[in-house]
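Worksheet: one structure, shown below.
Fair warning: this is a prediction, and the values are worked out from it, not measured in the lab.
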Amino acid sequence: MSNQDIEEIPIRDSMIRLGQLLKLANLAEDGVEAAELIKNGLVKVNGEIDDRRGRQLHNGDTVTVNAQTVKVVAPEAD
């Protein structure tokens, strides 16, 4: 698997918080692990380290942890 493989993670609403996405995408087992990853600067949002667990993510945002990248896919607005 190359570094360029980006898994798309569909979400129900137009927004999801960073901590929730880490769990949904199986990048963290639970909220505690998600908080630790974020606090230790191991999470990049759109290529930049982000330390806000409540960071709002929208359609097209990418999140990278341990060289694994996922992309948020939100439903299209009417």
Side-chain donor/acceptor pairs under 3.5 Å, residues 12-24, sequence neighbours excluded:
| from | atom 1 | to | atom 2 | distance (Å) |
| --- | --- | --- | --- | --- |
| R17 | NH1 | G54 | O | 2.9 |
| Q20 | OE1 | R17 | N | 3.1 |

Original post:
Side-chain contact, heavy-atom cut-off 4.5 Å: V43 with T64?
Top reply: no

Subject >> Straight-line distance of I38 CD1 to E33 CD, nearest 0.5 Å >> reply: 10.5 Å

**OP:** With sequence neighbours left out, write down each residue that passes side-chain contact (heavy atoms from CB on, under 4.5 Å) with N46, or none if nothing qualifies.
**Re:** R55, D61, T62

Subject >> Side-chain heavy atoms of L57 within contact of V45, under 4.5 Å >> reply: yes

**OP:** Measure the spacing between CG of N59 and CD of E8 and express it to the nearest 0.5 Å.
**Re:** 9.0 Å

Subject >> Enclosure of N66 CG (heavy-atom neighbours >12, cutoff 6.0 Å) >> reply: no

**OP:** Identify, with sequence neighbours excluded, every residue that meets side-chain contact (heavy atoms from CB on, under 4.5 Å) alongside L42.
**Re:** L37, N40

**OP:** Given side-chain contact (heavy atoms from CB on, under 4.5 Å), test V63 with K44 step by step and report yes or no.
**Re:** CA-CA 6 Å; V63 175; K44 287 185 178 181; over 6 Å; no

Original post:
Tell me, do V73 and I9 make a side-chain contact under 4.5 Å, heavy atoms counted?
Top reply: no

